[in-house]
Each structure stands twice: as C-alpha cells, then as structure tokens.
Amino acid sequence: MILASEECDTAKEIICAPSNVVELFEYKHAVFSIGPLDFTRTVILIFLAMILVVGALYFAFRKPKIVPGKFGVVMESLVSFVREDVAKGTIGPDGSKYAPYLLAMFLFILVGNLFELTPFINFPLTSRMAIPLMLSVFTYLIFVGVGFSKNGMSYLWGIIWPKSVPVGLRWLVGLIEFVSYFLLRPITLAVRLFANLVAGHLMLTLLLGSGWLFFASVGDIGLRALIGLPWFAFGLLIFVFEFVVAVLQAYIFTLLSAVYIQTSVHPEH
Amino acid sequence: MEEIKGAIALIGYGLAAVGPGIGIGIVVGNAIQAMARQPEAATVARTTMFLGIAFTEALALIGFVLFFIA
C-alpha cells in the first residue's frame, strides 16, 4: 500500500495509478553498489530472506536440548514436517536424502512470501519471475538428474515409449508425456508460485492503497471519503487470506518438488 | 449503442477461470467427502487434495499471466 502511494502526490490528484502495472514490481535504482553489482531493493530482500532462514535454523539448533524452548519447538516442528510428511511421505524411505533441499526451499519461499505481509516491506520476493524460475530450475535439474542416475536411459525411454499403453498410441502418449515432463513441469511450477503472489500483491495494493487514498484525501472530498471504508475492510480481509496463500504456496511448491523427484526415483508409478 | 471498450485479454482470463473453478470445486468436494467417510485417512486425502488443487489452479494462473503479457 505504501508502494502505490509513494510516488503519488495526493494533494494534486486523488487517484494516481502507475502508468503500467509492472512498475509495482520493479525497483530500478540501486540502493548501493559494489563495483558493477547493483543492490536494488529486491536483491537486499533476497539476502535478508537468506539471513533470516539461516539465522533461524542456526539459533534453533545451535545447542540441541532434550527439552527445546518455544522457538526451538516451532523450528523442530517445521523441520520434522518437511522431513517426515513431505520428504518421506511422498518420496518414500529414501526421501530423507532430499529433506535438506526441500527444507531450504520451503523456508526460503515461506519467508519470501511472508514479506508480502510484513509492514514496511510489503513486497513478495517471489513475485519477480526470476526467483521462482530459478528455484524451479533447481528442482528440474534435481529430478532429471536423479531420474537418469537411478534408472539410466530407461528413464527417458519409459517416458517417450510407455510400455503400459497400446503400441499404436505409444508415440502420442510419449509425446504428451515428454512435453509435460520436461517443458510444462518447470514452467507451471514457477508460474504457479509467481502468479499467486502477483495476484495477491495486486489485490492488496488496489484495495488497501485505494482505501488509504480515499482516507488521505478527506480534506478535498469531505464525507465522500467514507467510500474508502469498505475497500479498506475488504483489503484487511484479503490480508488474512493472503497469509493462508503465502503459507500454502510454499507448501505446494515443496510438495510438488517432492512429487517430481518421486516420479524420477520410482518411474513406474 | 455505446462503444465497447476494454481488452480482449480480460475476457480470455474470465474464460480461463471457468474450468479451473469447476475443477477445484470437484476436487475439494470429493476430498471433503472422502475425509467425512474415512476420517482416519484424512491426512492422505488432504495432501492429495492440495496436489489436485495445485494442478487444476495452474490453468487459471496461466490465464492470469497471459492477461498481463498479452
């Protein structure tokens, strides 16, 4: 909401939308630079998320105790949730090998998503396509690599020449499966996270921002500023909803990564 | 008749949201039914429900992204 109004001179014009909606997600000017590297707000948020995740894990598990404190209990339940439910529950007994990767992914996306709702940050890290795309490329490399190293070339032949399908249809099913495995999976994995957070950020900006602008211009338009009240209330409702979405999307990204790895480990299922 | 304004991409997004809307309804409805019939299998049903929602929702979200890049 601050983002929408920061460039806006409410004294002159009541409604000032950005000329292009993309401007809500771009921070062109660098906060500071080290050599040729520009540190924009997004880059700083990436490092902040990284420090938060690493710091939380470090402080929770620095001195393992029999009876952990409150913070330790929360972190332990998160770790055991990813390890037991997501990794072992989806991939199987050898899933604990992939638990560190899934945990890092889950916590980074969770923190990045929750930046959307953090006051004074109000920017979901994962609403820049580069970040979910990079994360989904990691998952892609892992599940393709695991598939080839565990099953050799039969992994590829199992996809493009499926034995369980009648011979005449194998080329068609194989083509669909090939496109779905190697093209659609990484794209939809990234787009799902990206689009959810973009939609959430836009809705929050529109509702809270316009509600706030109506309140701010109460001197000019008088009692008509009360129009902003239902908008602001609806925005607060969406705020709670977005919290659910942020947690759920981090979970779904991790779960789908685990499912994709599982289909590479046991390709016959 | 007044001039019709707006982007055709908006209509496209509306159309793209219809199918996944129905699909998510079916997925969640059947998952609730499964959980009500077999409460002891609720964990499995819930995980599978989220998976189904994620796969179905992708279509609507691709439509949403296409609306912006169209």
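Numbered from 1 within each chain, the chains take letters A, B, ... in sequence-line order. All figures in this text were calculated on a predicted structure; none of them were measured in a lab.
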task: Select all residues of residues 52-64 of chain B having any heavy atom within less than 4.5 Å of some heavy atom of chain A, and report them by number, or 'none'.
output: B/Ala54, B/Phe55, B/Glu57, B/Ala58, B/Leu61, B/Ile62, B/Phe64
message: Assess the residue pair A/Phe123 and A/Thr118 against the criterion (side-chain contact (heavy atoms from CB on, under 4.5 Å)); give the C-alpha distance rounded to whole Å, side-chain angles, the decisive distance to 0.1 Å, and a yes or no.
response: CA-CA 8 Å; A/Phe123 178 67; A/Thr118 316; over 6 Å; no
task: Can you sort out the partners of A/Asp85 under salt bridge (charged side-chain N to carboxylate O under 4.0 Å, His left out), two or more places apart, ordered by chain and number?
output: none
- prompt: So which part of A/Val259 gets closer than 4.5 Å to some heavy atom of chain B, the side chain, the backbone, both or neither?
  reply: side chain
- request: Let me know if A/Phe253 has heavy atoms under 4.5 Å from chain B in its side chain, its backbone, both or neither.
  value: neither
task: Could you give me the CA-CA distance, side-chain angles and deciding distance for A/Tyr260 and A/Thr139, then say whether side chain to side chain donor-acceptor pair (under 3.5 Å) is met?
output: CA-CA 8 Å; A/Tyr260 291 165; A/Thr139 298; over 6 Å; no
A/Glu116 side-chain N/O to A/His201 backbone N/O, donor-acceptor pair under 3.5 Å: yes
message: I need the full list of ring pair (Phe, Tyr, Trp, His ring centres under 6.0 Å) pairs touching residues 76-106 of chain A, with sequence neighbours left out, sorted by first then second residue.
response: A/Phe81-A/Tyr251
- request: Determine the interplanar angle of the A/Tyr140 and A/Phe143 rings, folded into 0 to 90°, and report it as parallel if under 30°, tilted if 30 to 60°, perpendicular if over 60°.
  value: perpendicular
message: For the CG atom of A/Leu208 and the CZ atom of A/Phe234, what is their distance to the nearest 0.5 Å?
response: 11.0 Å
message: Assess the residue pair A/Phe243 and A/Phe239 against the criterion (ring pair (Phe, Tyr, Trp, His ring centres under 6.0 Å)); give the C-alpha distance rounded to whole Å, side-chain angles, the decisive distance to 0.1 Å, and a yes or no.
response: CA-CA 7 Å; A/Phe243 181 78; A/Phe239 196 87; 8.7 Å; no
Members of residues 26-51 of chain B whose heavy atoms come closer than 4.5 Å to chain A: B/Thr47, B/Phe50, B/Leu51
message: Within the 4.5 Å heavy-atom criterion, are A/Val137 and A/Pro186 side-chain neighbours or not?
response: no
A/Thr126: which of A/Asn196, A/Val111, A/Leu193 passes side-chain contact (heavy atoms from CB on, under 4.5 Å): A/Leu193
task: Please answer whether the main-chain N or O of A/Ala87 pairs with a side-chain N or O of A/Thr90 as donor and acceptor at a distance below 3.5 Å.
output: no
message: Does any backbone or side-chain atom of A/Leu248 lie under 4.5 Å from a heavy atom of chain B? Answer side chain, backbone, both or neither.
response: side chain
